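Here's the structure we're looking at; comments come further down.
Quick note on labels: first sequence line is chain A, next is B, and so on, each numbered from 1. Just so you know, these numbers use all the heavy atoms, side chains as well, and skip hydrogens, waters and symmetry mates. All values derive from a computational prediction rather than experimental measurement.
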Amino acid sequence: MADKVFPDAKSALAGLTFDNMTVMSGGFGLCGIPENLIAALRESGVRGITVISNNAGVDGFGLGQLLETRQIAKMISSYVGENKEFERQYLSGELQLEFNPQGTLAERIRAGGAGIAGFYTKTGVGTLVAEGKEIKRFNGEDYVLETGLTADLSIVKAWKGDREGNLVYRKTARNFNPMMATAGKVCVAEVETLVPVGALDPDCIHTPGVFVDRIIEATFEKRIEQRTTRKREAA
Amino acid sequence: MADKVFPDAKSALAGLTFDNMTVMSGGFGLCGIPENLIAALRESGVRGITVISNNAGVDGFGLGQLLETRQIAKMISSYVGENKEFERQYLSGELQLEFNPQGTLAERIRAGGAGIAGFYTKTGVGTLVAEGKEIKRFNGEDYVLETGLTADLSIVKAWKGDREGNLVYRKTARNFNPMMATAGKVCVAEVETLVPVGALDPDCIHTPGVFVDRIIEATFEKRIEQRTTRKREAA
Amino acid sequence: MAWTRDQLAQRAAKELRDGFYVNLGIGIPTLVANYIPPGMEVTLQSENGMLGMGPFPYEDEVDPDLINAGKQTITELPKSSYFSSADSFAMIRGGHIDLSILGAMEVSQNGDLANWMVPGRMVKGMGGAMDLVAGVKRVVVVMEHTAKDGAPKLLRKCALPLTGVRVVDLVITDLGVFEIDKKGEGPMQLIEIADGVALDEIRAKTEAAFEPRMQQAA
Amino acid sequence: MAWTRDQLAQRAAKELRDGFYVNLGIGIPTLVANYIPPGMEVTLQSENGMLGMGPFPYEDEVDPDLINAGKQTITELPKSSYFSSADSFAMIRGGHIDLSILGAMEVSQNGDLANWMVPGRMVKGMGGAMDLVAGVKRVVVVMEHTAKDGAPKLLRKCALPLTGVRVVDLVITDLGVFEIDKKGEGPMQLIEIADGVALDEIRAKTEAAFEPRMQQAA
């Protein structure tokens, strides 16, 4: 079988990027983002990207790196603006923005990967989010039609992976990564540790290998947005 | 907190059963079925049940036990008839039957648990399954509207569980159990081993405790439908 | 005297019940976790994919892979489990969370909520708020009774873009507590007043129709 | 001479490609697993929730928790993973499986498939067949060329209730191999004939329109 393992982020993206493409990028805030693949996307120089990601990174890190270089034409997100450059580009009209409720965004991505063209949710009924969308009544309640989302490429970050493409995520770094892995025409994963095939518990594989086309082992900065701690009480 | 752990199947169903109720029952064939809760449902004497289950058990085991006593009024399934009593009741008109494609059944149950009132799938378009249902075009292809399914009670079988209701399934005994745990107004789980809280890996919990209302530890017969083996070659 | 932030959180904590699964918003709602009555078991859900959220970590426990929906570092408990965002919102949208406590810019007398967008200002997004109010069984708002400029926030009709329609069950402000019949057309019911606050003050600062229906002091 | 069951499976195995994820139906399709060319890596999906299906177990390995979609006991491989039925059909419906090989009662010249129901007879249900043909990238049917009574099974239009509309890409019968343009309106293309079978025999036993377009012998 063609080897899914690539030596680094740059080679893993080779041949997969093109101008005006749509990219899904995993993570919640800076937690569980594919740091290395985002950086490689920046190096690729590809422009006019539509990025589907819950958030937009911070200035200089994560997707913020692609904003600095103005490679992003449009964001589909639920929450942004931890990021001054984002705000500047948005207010100046350089950057398009589509807000989705976070759960609707997650479900749209799952639907895209699962062959579900559309679904009805109560979320957003009666709000701006439902404007122009079909409303249907089920059991006396109104639901709004939302459509599945797919992308030309999805980039995800996992904790462990093997060369079959099986992935395991760690704690809340899982977030949007598993659905995105299913919804890209091609999925590239970066993992902290590449383990031998058979080392992962088959009952606990979050993303079965069928969804992952390429995989790299990488090192991570794992920046923290809000370092909140408590004090140990004196003994 | 009210204890979720009950001493046995009978006590775990106390107060939850009533005539003409809808029950979801996990398992694929006889693999991963809630044997003990099905038996307790039989003992409860409740009648006119609509059962949502991929299959209908075999004569004398699994849901076959509820057919013998004519407690089932209707089945919603994808494949039945490993079972002579089922065939007899169906052909005589005593038993109603609604077939769903297996993936549509699984997705309808997931949708029911996830607050999705309906979804569009390509499965079944142009077949009997789509008759009388709305068809909608997305990106030049036809999709059929299917609705979410819920139940008054779901009974599921897991491998390990804890008193918070966290569940882990084993191998292909997982099947329909995780979705059903989310789609019952009440969910009762039977497990092979009740472990202390904290013993399960939090990254590998298939059903978070919020979905499970009652739990029992039980023993299992685990009958096999098709014992297929191969011979060891002579050394 | 109007309730302080901590008193607001303390009052909101009275809405907790033993065995509840609860999602707490950012700000005052987060403080509610400090007032869970002893002996009561409440499990906190974090919509970025965790059930059983623990307290902030000690300095040497900080883990970048373990944050809450406010992106703050947190800890896990023995009962914790992790799941994807799709599974997390399936849990929320499917009605499996008992209680959501969150902040608001405006609430209308029939339970409409506005808390995500001020037109003309930079909009950061609704995050999970629309999903929470649409899916969680009971929605409690905790907020200042009036805006910084003194304008009422309890309105006949919200002026700001909505987060949800007929979704709020209870509003706790620094002046009192209001019950909403979100299915009906009636006025809100004022069921508690902060000690030393006059009914007339609440009348003056409230646009929404409400009726006093005070409970006996506990 | 018409192909045997094993020859049919062997021919179907030529549709496999290195790295493919494949779902095999019950009956002859199951035999295809015996003819995966050495050195080719093919991963078998079982729609009851497994990727990476292994062979039947030795007598002392039988595990009631480990079965395939035909309810037969099987084994796992180092690469195996398990998942729920919802996730399994998300994988199938979402187009992530490369190839499905399954049996049929009838196939029409535009790729309609009937393989689950004979009106008037006890109906056991469609199981996962409708999902597989709607979702898998390429659908190959393996079947006897005619029914037991000699009636053609390759038809202009299926008479039995359908499993899917315009879903079959290739039909392998004991007499030959037919390509279908499931988007178009043209006849099927007969691309191979079993050794020693006459074209006239195929003509006599086929109702569907087809054109011979034989490839050179390999």
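- For the set D/Met117, D/Lys124, D/Arg166, D/Met130, the entry with the most heavy-atom pairs within less than 4.5 Å of chain B is D/Lys124.
- For chain B, the nearby parts of D/Pro57 are the backbone and the side chain; heavy atoms of each come within less than 4.5 Å.
- With respect to B/Arg230 and D/Glu59, no salt bridge is recorded, no charged nitrogen being found less than 4.0 Å from a carboxylate O.
- Of the residues considered (D/Met122, D/Glu47, D/Met50, D/Glu61), D/Met122 shows the highest number of contacts with chain B, using heavy-atom pairs under 4.5 Å.
- Of the atoms belonging to B/Val125, it is backbone heavy atoms, and not side-chain ones, that fall under 4.5 Å from chain D.
- Residue with the most contacts toward chain D among B/Leu30, B/Asn175, B/Thr104: B/Asn175 (heavy-atom pairs, distance under 4.5 Å).
- Pairing each heavy atom of D/Gly164 with each of B/Thr127, the nearest pair is N-CG2, 4.0 Å.
- Side-chain contact check for B/Met179 versus D/Ser85: some heavy-atom pair is nearer than 4.5 Å.
- Counting all heavy atoms, side chain and backbone alike, B/Pro178 lies closest to D/Ser84 at CG-CB, 3.9 Å.
- The two residues B/Phe99 and D/Val123 make their nearest non-hydrogen contact at CZ-O, 3.4 Å.
- In this structure, D/Thr73 contributes its side chain and B/Arg227 its backbone to no donor-acceptor pair below 3.5 Å.
- Closest approach of D/Lys71 to B/Gln226, counting heavy atoms only: O-CB, 3.1 Å.
- The candidate from D/Ser46, D/Pro161, D/Pro55 with the greatest count of non-hydrogen atom pairs under 4.5 Å with chain B is D/Pro55.
- In this structure, D/Asp131 CG and B/Thr123 OG1 are separated by 4.0 Å, a value rounded to the nearest 0.5 Å.
- There is no contact between B/Tyr169 and chain D, counting heavy-atom distances below 4.5 Å.
- Heavy atoms closer than 4.5 Å to chain D are found nowhere in B/Glu221, neither backbone nor side chain.
- The shortest side-chain heavy-atom distance between D/Met126 and B/Tyr79 does not fall under the 4.5 Å cut-off.
- With a threshold of 4.5 angstrom between heavy atoms, D/Asp87 does not approach chain B through any atom at all.
- For chain D, the nearby part of B/Phe86 is the side chain; its heavy atoms alone come within less than 4.5 Å.
- Across all non-hydrogen atoms, the minimal contact from B/Phe28 to D/Ala69 is CZ-O, 3.5 Å.
- The environment of CG in B/Asn139 is sparse: at most 12 heavy-atom neighbours from other residues, nucleotides or ligands sit within 6.0 Å.
- No part of D/Ser81 comes within reach of chain B, as not one of its non-hydrogen atoms sits under 4.5 angstrom from that chain.
- Across all their heavy atoms, B/Thr172 and D/Asp65 have their closest contact at OG1-O, 2.8 Å.
- Under the 4.5 Å side-chain criterion, counting only non-hydrogen atoms from C-beta, B/Lys122 is not in contact with D/Arg93.
- In this structure, B/Thr229 OG1 and D/Phe56 CZ are separated by 9.0 Å, a value rounded to the nearest 0.5 Å.
- Judged by the 6.0 Å and 45° rule, B/Arg174 forms no cation-pi pair with D/Phe83.
- Neither the backbone nor the side chain of B/Asn54 comes within contact range of chain D; no heavy atoms are under 4.5 Å apart.
- Among B/Leu91, B/Ile109, B/Leu97, B/Asn100, the residue making the largest number of heavy-atom pairs under 4.5 Å with chain D is B/Asn100.
- For D/Glu76, the part lying near chain B is the side chain, with the backbone staying farther off; criterion is any non-hydrogen pair under 4.5 Å.
- Rounded to the nearest 0.5 Å, atoms CG (D/Leu162) and CG (B/Leu128) are 8.0 Å apart.
- Surrounding NZ of D/Lys157 are at most 12 heavy atoms belonging to other residues, nucleotides or ligands under 6.0 Å away.
- Among the candidates D/Ile67, D/Asp63, D/Ile74, the single residue satisfying the side chain to side chain contact (heavy atoms under 4.5 Å, CB included) test with B/Lys171 is D/Asp63.
- Counting heavy-atom neighbours within 6.0 Å of B/Lys84 NZ, excluding the residue itself, gives a total of 12 or less.
- Comparing B/Ser78, B/Gly32, B/Ala56, B/Cys31 by how many heavy-atom pairs each has under 4.5 Å with chain D, the most go to B/Ser78.
- With chain B as partner, the option from D/Pro64, D/Gly128, D/Gly49, D/Ala129 having the largest number of non-hydrogen pairs under 4.5 angstrom is D/Pro64.
- Because its NZ or CZ atom is not both nearer than 6.0 Å to the ring centre of D/Tyr58 and within 45° of the ring axis, B/Lys231 does not count as a cation-pi partner of that residue.
- Chain D forms more heavy-atom pairs under 4.5 Å with one residue of B/Ala173, B/Pro101, B/Ala106 than with any other, namely B/Pro101.
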